[in-house]
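The basis for the numbers below is simple: all heavy atoms, side chains too, and nothing from hydrogens, waters or symmetry mates.
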Number of protein chains: 2
Amino acid sequence: MTLAKATLKERTFILMAARTHTASLSERPDKREAILAAALELFAERGFHGTAVPLVAEKAGVGAGTIYRYFESKEALVNALYQQWKGVMLQSILLDFPHEAPIRGQFHAFWRRMFGFAQEHPQAFAFLQLHHHAPYLDARSIALEEASHQPARALFEETRKQQITKDVPPDILIAIVFGAFIGVARAAQEHRFALDEATLDQAEACVWEAIRR
Amino acid sequence: MTLAKATLKERTFILMAARTHTASLSERPDKREAILAAALELFAERGFHGTAVPLVAEKAGVGAGTIYRYFESKEALVNALYQQWKGVMLQSILLDFPHEAPIRGQFHAFWRRMFGFAQEHPQAFAFLQLHHHAPYLDARSIALEEASHQPARALFEETRKQQITKDVPPDILIAIVFGAFIGVARAAQEHRFALDEATLDQAEACVWEAIRR
DNA sequence: CGCGAGGGAATGAACTTTCATTCGGTTTCT
DNA sequence: AGAAACCGAATGAAAGTTCATTCCCTCGCG
């Protein structure tokens, strides 16, 4: 996979191409959305194998058979969901990202945008966590997952050269930063503390200390 | 489900079985262990709902019905597994913990012991991650999960008072440290980098910087 | 010392439920 | 009116669980 060098625009294109199942001319996007929304909620709570398709249909207010007019199978549905939300997450982090700002400002943007997504779409965040590296994810989902690491790696390779961050392999810094992000976001979702501005800033300051030289 | 009593008895039995040979002939701890080992492997790879009970039986070299002689249900099995391994993890971190060492040394011990467990029992580590906060976990499993946070909270409350760590709520530091730990351990399991001594020390130094004052 | 009865552990085919998917009838839109 | 979309009961496969039977070990009696 040479997604490494793919620009944001190209990745966006990939994302759009994911909508493969445009079978007929008069599709009902609202129904498709209803199915995806119901599936998101249920898959996030109970997992893929723990969620029955007829239950998704009921929650979507749709007949069970209708789901198969929009998705080839349950697997296709979960992959469509994964790709949709991974794409949304990527976009909400990368769209208009301040590449020219000072590094510390870029890190701030990164941090805030990640939490912005997790707070705005808590179910999608839980869903993406739960289905990370699941065996039923297809090649496109896995490629998207891989691609999502790329911007951070590029950033940390650059900051390492500039001796802004520690002289540590970027993959380790990424693991620490993303790990801390997920840890904080999850703890907040479990109501261990509130995710207000002050908390976000405190956590950001801590994690920046972890990586800065 | 009236598993409270049975589970307690069974758990006690596990503890004893570890070092006793006085079990009566009617008891077959080896079978129980075989079932637990097979279940660990399969649940860690495919998840709870993704694993069929007869498959566990086959991998354990045991008849399907035999599983139900040792566990009331599939749910009871997954909870027994969760409690067993959460307990092992807790013990391997806390047993003979150097409570009197300097704080930085305690943090080092913490860090190394967590990774020691993750490296020694990668499947158990994956299993615990995957089933964290699953809806089929019973009260005892949840209580164990909750209890596992306690030592870290106590430590960070103390270090905060002593102004060794940042003036930040302990729960936030815990989320960052555990999050970073899980992030690093997972990245290593995905072969993003090797977990040698140098890497462990680098990551530890980073995370210590995150929390120290 | 052998042998057969007794009893509990183990089994896996069978049972019941539940699942993903299909399909024919019905509704809706143009 | 025709065609496409929609529904949900029907379907067959696969799931978790059960239970009648088998197996194996122990013990008591000849």
C:dA10 OP1/OP2 closer than 4.0 Å to side-chain N/O of B:Tyr70: yes
Distance below 4.0 Å between A:Lys74 side-chain N/O and C:dT21 OP1 or OP2: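 For C:dT21, neither OP1 nor OP2 has a side-chain N or O of A:Lys74 closer than 4.0 Å.
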Side chains of A:Leu173 and A:Phe178 in contact at under 4.5 Å (non-hydrogen atoms):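 No, side chains not in contact.
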Validation row: A:Phe97, A:Gln106 side chains within 4.5 angstrom (heavy atoms): yes
Report the distance from atom [atom1] of [X] to atom [atom2] of [N], rounded to the nearest whole Å.
{"X": "A:Arg69", "N": "C:dC23", "atom1": "CZ", "atom2": "C1'", "answer": "12 Å"}
{"X": "A:Arg46", "N": "C:dC19", "atom1": "CZ", "atom2": "C1'", "answer": "13 Å"}
{"X": "B:Asp30", "N": "D:dC24", "atom1": "CG", "atom2": "C1'", "answer": "14 Å"}
{"X": "B:Tyr68", "N": "C:dA10", "atom1": "OH", "atom2": "P", "answer": "16 Å"}
{"X": "B:Glu58", "N": "C:dA10", "atom1": "CD", "atom2": "P", "answer": "19 Å"}
{"X": "A:Leu55", "N": "C:dA20", "atom1": "CG", "atom2": "P", "answer": "9 Å"}
{"X": "A:His49", "N": "C:dA20", "atom1": "NE2", "atom2": "P", "answer": "10 Å"}
{"X": "A:Lys31", "N": "D:dA4", "atom1": "NZ", "atom2": "C1'", "answer": "12 Å"}

Closest listed nucleotide, where the reference is the side chain of A:Thr66 and the choices are C:dT21, C:dT11, D:dC7: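 Minimum distance to the A:Thr66 side chain belongs to D:dC7.
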Closest nucleotide among D:dC7, D:dG16, C:dA20 to the A:Val62 side chain: D:dC7
B:Gly61 or A:Ala64, whichever maps to the more 5' nucleotide of DNA chain C: B:Gly61
Nearest heavy-atom neighbours spanning A:Leu130 and A:Ala44: CD2-O, 3.7 Å
Shortest non-hydrogen separation from B:Ser73 to B:Tyr68 and the atoms involved: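 Closest approach of B:Ser73 to B:Tyr68: CA-CE2, 3.9 Å.
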